[in-house]
Amino acid sequence: MNIFMKRAVELAVINVNEGGQPFGAVLVKNNEVVTEGVNELHKTYDVSGHAELIAIRRAQAQLQTNNLSGYTMYASGEPCPMCLTAMYFAGIEEVFYCQSVADAVEVGLGKSKFIYDEFKESKDERKIKMKQMRLNENQENPMNLWKQTL
């Protein structure tokens with residue numbers, strides 16, 4: 001285990017000892033720590049307060065960029081679908097994790113597995129029902145408006 005994963009696991013242990021969940025993350029570029037994060041759900045009551053997202057938010061704010069190409073994420077646990085999606089959006093190119101989604105399920109943290117499984121279902125078969133509502137004819141189309149700004 002390298003120093004970055006050791007730190008991610010250490011952050012997870014500290015977080016559990018402070019009443020949080022067992023997740024820590026370290027964002028690295030050029031073999032240097034850029035930012036760190038732990039799950040903050042117990043402090044912020046924000047379901048998006050996951051360790052990886054906290055590390056990403058801090059890096060983007062610090063660097064004033066949305067592009068984290070060339071960065072590597074070290075996470076104590078396999079990223080949930082939300083965190084993995086954020087990594088795709090940010091351009092993170094490599095992710096290392098220590099404990100798997102299956103390991104999380106074994107200790108009662110099964111939401112990630114449930115969501116990964118849900119994404120395999122068709123929209124009609126998912127627990128959250130999604131229904132498209134099209135624009136009215138007289139409404140300005142925000143997508144077309146944005147395209148004009150390019």
Side-chain angles (χ1 to χ4, degrees), residues 1-133 142-143 145-147 149-150:
M1 183 178 299
N2 74 16
I3 60 169
F4 305 122
M5 185 59 76
K6 283 182 182 177
R7 179 62 180 156
V9 172
E10 178 182 285
L11 289 168
V13 169
I14 291 168
N15 203 45
V16 169
N17 288 331
E18 292 178 354
Q21 292 180 335
F23 301 106
V26 177
L27 187 63
V28 173
K29 184 166 186 183
N30 297 328
N31 226 20
E32 298 217 4
V33 173
V34 178
T35 56
E36 299 177 337
V38 296
N39 273 40
E40 296 183 353
L41 282 70
H42 64 296
K43 294 179 182 177
T44 63
Y45 303 100
D46 173 3
V47 296
S48 71
H50 288 200
E52 300 92 332
L53 287 179
I54 300 296
I56 289 169
R57 287 178 188 146
R58 288 177 178 160
Q60 289 179 330
Q62 175 183 315
L63 302 168
Q64 294 293 290
T65 185
N66 291 320
N67 184 356
L68 298 178
S69 299
Y71 288 72
T72 301
M73 182 69 74
Y74 291 84
S76 64
E78 185 174 356
C80 75
M82 176 177 60
C83 292
L84 184 59
T85 300
M87 289 182 227
Y88 274 106
F89 275 115
I92 292 171
E93 297 173 6
E94 198 166 30
V95 179
F96 294 94
Y97 64 91
C98 187
Q99 295 187 281
S100 69
V101 168
D103 294 329
V105 168
E106 286 182 21
V107 298
L109 296 167
K111 194 62 99 168
S112 289
K113 180 181 181 332
F114 167 77
I115 296 168
Y116 275 122
D117 289 345
E118 274 284 285
F119 285 156
K120 295 175 190 173
E121 301 292 337
S122 70
K123 288 181 186 175
D124 293 337
E125 295 174 344
R126 292 181 187 163
K127 301 291 183 219
I128 293 178
K129 302 302 174 201
M130 295 176 53
K131 299 174 181 106
Q132 184 177 12
M133 297 177 77
M143 295 278 185
L145 181 62
W146 179 82
K147 186 177 178 182
T149 66
L150 300 178

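Only this structure's heavy atoms are used, side chains among them; waters, hydrogens and symmetry mates stay out.
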Taken to the nearest 0.5 Å, the spacing of L27 CG from E36 CD works out to 10.0 Å
Do N15 side-chain atoms and P22 backbone N/O form a donor-acceptor pair below 3.5 Å? no
Can you tell me how far apart CZ (F119) and OG1 (T85) are? Round to the nearest 0.5 Å. 6.0 Å
For K131 and K129, work out which heavy atoms get closest and say how close. NZ-CB, 4.0 Å
Closest non-hydrogen contact found for M82 with S48 is CE-CA, 3.7 Å
Looking at every non-hydrogen atom in both residues, tell me the closest pair between G110 and V105 and how far apart they are. CA-CG2, 3.8 Å
Step by step, work out the salt bridge (charged side-chain N to carboxylate O under 4.0 Å, His left out) result for E40 and R58. CA-CA 13 Å; E40 296 183 353; R58 288 177 178 160; 3.3 Å; yes
Say whether, by atom type as modelled, one donor and one acceptor occur between the side chain of N30 and the main chain of E32 under 3.5 angstrom. no
Nearest heavy-atom contact between V34 and A59 is CG1-CB, 4.2 Å
E18 vs K43 side-chain heavy atoms within contact, under 4.5 Å: yes
Take atom CG of L150 as the centre, draw a 6.0 Å sphere, and report whether it contains more than 12 heavy atoms from other residues, nucleotides or ligands. yes
Counting neighbours of CZ on F89 that are heavy atoms of other residues, nucleotides or ligands and sit closer than 6.0 Å, is the number greater than 12? no
C80 side chain reached by K111 side chain, heavy atoms, under 4.5 Å: no
Nearest 0.5 angstrom please: C83 SG to N39 CG, how far? 7.5 Å
What is the distance from atom CD1 of I56 to atom NE2 of H50, rounded to the nearest 0.5 Å? 12.0 Å
Between K29, E52, M87, which is the residue that forms a side-chain contact (heavy atoms from CB on, under 4.5 Å) with I92? M87
About how many Å separate CZ of F23 and CD1 of I54, when rounded to the nearest 0.5 Å? 14.0 Å
Side chain Q60, main chain N66, donor-acceptor under 3.5 Å: yes
So Q62 and T35, do their side chains get closer than 4.5 Å, heavy atoms only? yes
Testing the basics here: between L41 and G49, what is the closest heavy-atom pair and its distance to 0.1 Å? CD1-O, 3.2 Å
Under the 3.5 angstrom rule, does the side chain of S76 hit a backbone N or O of V9 as a donor-acceptor pair? no
Quiz question: by atom type and distance under 3.5 Å, do the side chains of T65 and N67 form a donor-acceptor pair? no
Between Q21 and V16, which heavy-atom pair has the shortest distance, and what is it? C-CG2, 3.8 Å
Where does the angle between the aromatic ring planes of Y74 and F96 fall among parallel (under 30°), tilted (30 to 60°) and perpendicular (over 60°)? parallel
Spell out, as yes or no, whether a donor-acceptor pair under 3.5 Å connects the side chain of N17 to the backbone of I14. no
Quick one: does E10's side chain get under 4.5 Å of V13's, heavy atoms only? no
Flag yes if more than 12 heavy atoms outside F4 fall under 6.0 Å of its CZ atom; otherwise flag no. yes
Is there side-chain contact between L63 and Y71, with at least one heavy-atom pair below 4.5 Å? yes
Atom pair SG (C98) and CD (E78), whose distance is rounded to the nearest 0.5 Å: 11.5 Å
Exam field: side chain Q99 to backbone G77, donor-acceptor pair closer than 3.5 Å: no
